[in-house]
Amino acid sequence: MGEDQKGKRLKRIVFVTVGTTSFDALVRAMDTQAVREELRRRGEDGLVAVDYFTFSPTIADYLLSAELVISHADLRLGKPLVVVVNEDLMDNHQSELADELAARKHLFCSRPQSLGQALRTMDLEALVPYSPGDARPVATHINKFLGFQAD
């Protein structure tokens, strides 16, 4: 944790988002003693401030200021990410994708009930930056197959 110009300790921010779906299990998991204790241990000096909002036209500033993001998924900002899979969704494709990205060491994957354990055992230094692929060749192939003209 760093300090500002006056030597005051800066607050570390953990940003949690449930996206546009209802994900009460993640909200409840964030309020468990195991999760609160692990966040304190990781640098909150025993003080955990909780702030919340139900809607923001942009969350970019929140994501940029965070040192850790706990979410359903978003790899674009290059922040350490713990994906918590919403098991209440039907045809849960999140689980397969999150498990694969975790196996490739791009993120950490958890279920709501095991979030405290995931935070306790994660090693942020072990993460490998995610480089998105180039979808243009696939799009070009599909467009050609469908008979669309290339631009």
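Counting from 1, the numbers follow the sequence of the chain as shown. Being a predicted model, the structure only gives us computed values, none of them experimental. When reading the values below, keep in mind they use all heavy atoms of this one structure, side chains included, and skip hydrogens, waters and symmetry mates.
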Which heavy-atom pair separates [X] from [Y] by the least distance, and what is that distance?
X: Val84; Y: Pro112; answer: CG1-N, 3.6 Å
X: Val82; Y: Leu115; answer: CG1-CD1, 3.9 Å
X: Pro80; Y: Leu68; answer: O-CD1, 3.5 Å
X: Thr17; Y: Leu26; answer: O-CD2, 3.9 Å
X: Gly116; Y: Val35; answer: N-CG2, 3.5 Å

Does any part of the side chain of [Y], heavy atoms only, come nearer than 4.5 Å to the side chain of [X], both counted from C-beta?
X: Phe148; Y: Ile142; value: no
X: Leu81; Y: Ser71; value: yes
X: Met30; Y: Leu39; value: yes
X: Ile13; Y: Glu67; value: no
X: Ile70; Y: Leu119; value: yes

Could you list the donor-acceptor pairs under 3.5 angstrom formed between side-chain atoms of residues 58-66 and any protein atom two or more places apart in sequence or on another chain?
{"residue": "Thr58", "atom": "OG1", "partner": "Ala60", "partner atom": "N", "Å": "3.2"}
{"residue": "Ser65", "atom": "OG", "partner": "Asp61", "partner atom": "O", "Å": "3.3"}
{"residue": "Ser65", "atom": "OG", "partner": "Tyr62", "partner atom": "O", "Å": "3.1"}

*Quick one: do Glu38 and Arg41 make a salt bridge, cutoff under 4.0 Å?*
yes
*In plain terms, say whether Glu100 and Arg104 are close enough for a salt bridge, that is, a side-chain N and a carboxylate O under 4.0 Å apart.*
yes
*In Å and rounded to the nearest 0.5 Å, what is the CZ to CG distance from Phe108 to Leu127?*
4.0 Å
*Applying salt bridge (Lys or Arg N to Asp or Glu O under 4.0 Å), which residue pairs with at least one partner in residues 20-35 are found, sequence neighbours left out?*
Asp31-Arg36
*Check: Val128 main-chain N/O paired with His106 side-chain donor or acceptor under 3.5 Å*: yes
*Verify the cluster assignment for Phe145 and Val138: are they in a single hydrophobic cluster under the rule of side-chain heavy atoms below 4.5 Å apart?*
yes
*Please lay out, stage by stage, how Met122 and Ser110 fare under the test side chain to side chain contact (heavy atoms under 4.5 Å, CB included).*
CA-CA 11 Å; Met122 71 181 184; Ser110 176; over 6 Å; no
*Going by the side-chain hydrogen bond (donor to acceptor under 3.5 Å, both in side chains) test, which pairs reach into residues 115-129, not counting sequence neighbours?*
Gln117-Arg120
*Take Leu101 and Tyr130 through the side chain to side chain contact (heavy atoms under 4.5 Å, CB included) test and state the conclusion after the steps.*
CA-CA 9 Å; Leu101 291 171; Tyr130 175 77; 4.1 Å; yes
